[in-house]
Amino acid sequence: MKLPLSYYSNQDVLFMAQDLLGKVLFTNIDGEITAGIIVETEAYHGVSDKASHAYGGRRTDRTETLYNQGGISYVYLCYGIHHLFNVVTSVEDDPHAVLVRAVEPLIGKEIMEMRRNMPASKAAISAGPGSAAKALGIDRSFNKKDLNGSDIWIEDHGIHYSSDTIVAGPRIGVAYAQEDALLPWRFFVNGNKYVSKPNKI
DNA sequence: TGTTTGATTGACT
DNA sequence: GTCAATCAAACAA
C-alpha cells in the first residue's frame, strides 16, 4: 500500500497535487505512528513559478532539496515558527513540489491531540500547512527524507473523491508572486472541514 | 556583517 | 477585524 518511489517521478505537478488528495500521509516518531488523509494541496511549478523557492533556477542550500529526484520531503521553517511540508516530485533537476496544506486525522488521533493541545474534533487541529505538519510531528529533521522510508511515507487507501468534489482556487499567501499568485493551483476537497479557509466553493 | 521578509497561526479588540 | 511572534534564508554591501 505504500506508494513506490516511481509514483513521485510524474512530471505533471498539477496532476500530482490533485492525485495526492485522498492519499494517507504517515509519520513514525519514536514508534508513535500518526496518519492523516491529505485533503488540501498546492502545486509549486519549479523554475517558472514566481511563488516557488526554485523560481528562475535558484539553487541554494535550502532549495537543493527540490532539485532531487521526486519521492523525498521538503520541509522548511516559515515565519520563524511554522514547519511546512512538501512532497518533491518529478525528476532530478526539475524542482517541482506539492505543499500539503491540510490533512484529516485518521490514525493516532490521541497523539495529534497532545501535539496540538486540542481535540481532533476541532478542524484547527490539522487545517493549514503549519498545523498539519505540527499534528503529524513534522519538523526540519524531516527535510530531504525518503518518502518510502520508515519515518515518513504515503499510502493509497483507495480513498477516491469524485472530480466534482475536488476543486481548485488561487494559492494562499503568495501575493509576492505577482501574476503567478492568481493561478488556480490550490486543490482541496470541497466542504471538508479540515481544509483551511476557504474550504468550499 | 547587516537588513529584509516570509508557501502562518493564534491571541486579542 | 487587527497584529505580534520569531528566525533562517536570501541578498546587499
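Each chain gets a letter, A, B and so on, in the order its sequence line appears, and its residues count up from 1.
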So which heavy atom on A:A102 is nearest to which on A:A132, and how close?
-> CA-CB, 4.1 Å
Can you give one letter per nucleotide of nucleotides 8-13 of chain B, going 5' to 3': B for a protein heavy atom under 4.0 Å from the base, S for sugar-phosphate only, - for none?
-> BSS---
Please identify each residue that fulfils ring-ring contact (aromatic ring centres under 6.0 Å, His included) with A:H96, with sequence neighbours left out.
-> A:H45
What residues, two or more places apart in sequence or in another chain, satisfy salt bridge (charged side-chain N to carboxylate O under 4.0 Å, His left out) together with A:E110?
-> none
5' to 3' contact window, DNA chain C with chain A (heavy-atom distance under 4.0 Å) | C:dA5 to C:dC11
When rounded to the nearest 0.5 angstrom, what is the spacing between CG in A:N10 and OG in A:S90?
-> 7.5 Å
Quick one: CG on A:D180 to OG on A:S48, what's the gap to the nearest 0.5 Å?
-> 7.5 Å
Hey, what do you get for CE (A:M112) to CD1 (A:I107), rounding to the nearest 0.5 Å?
-> 8.0 Å
Short side-chain N/O contact from A:Y176 to OP1 or OP2 of B:dG6, under 4.0 Å | no
Short side-chain donor-acceptor distance under 3.5 Å, A:D164 and A:S162 | no
Transitively linked via ILVMFWY side-chain contacts under 4.5 Å: A:L84 with A:I154?
-> no
Each base of DNA chain B marked ( ) or [ ] if paired in-strand (Watson-Crick or G-U under 3.5 Å), | if paired to another strand and . if unpaired gives ||||||.|||||.
Name every residue in residues 40-61 of chain A that has at least one heavy atom under 4.0 Å from any atom of DNA chain B, in order of residue number, or write none if there are no such residues.
-> A:Y44, A:A51, A:H53
side-chain contact (heavy atoms from CB on, under 4.5 Å) partners of A:D19, counting only residues at least two apart | A:Y7, A:F15, A:K23
Roughly how far, to the nearest 0.5 Å, is the OG1 atom of A:T27 from the CD1 atom of A:I152?
-> 6.5 Å
Carefully, step by step, assess A:Y176 and A:Q178 under the rule side-chain hydrogen bond (donor to acceptor under 3.5 Å, both in side chains).
-> CA-CA 5 Å; A:Y176 62 89; A:Q178 303 169 32; over 6 Å; no
For A:S121, check side-chain contact (heavy atoms from CB on, under 4.5 Å) against everything at least two apart and list the hits.
-> A:P119
Counterpart residues, side-chain contact (heavy atoms from CB on, under 4.5 Å), relative to A:K200 (two or more places apart) | A:N190
Output the residues of residues 62-72 of chain A in contact with DNA chain B, where contact means a heavy atom of the residue under 4.0 Å from an atom of the strand; sort by number or write none.
-> none
Residues at least two apart in sequence or cross-chain that pass ring-ring contact (aromatic ring centres under 6.0 Å, His included) with A:Y76, listed by chain then number, are A:H53, A:Y74
Set of residues satisfying side-chain contact (heavy atoms from CB on, under 4.5 Å) with respect to A:I37, sequence neighbours excluded | A:V24, A:V39, A:E104, A:L106, A:I159, A:Y161
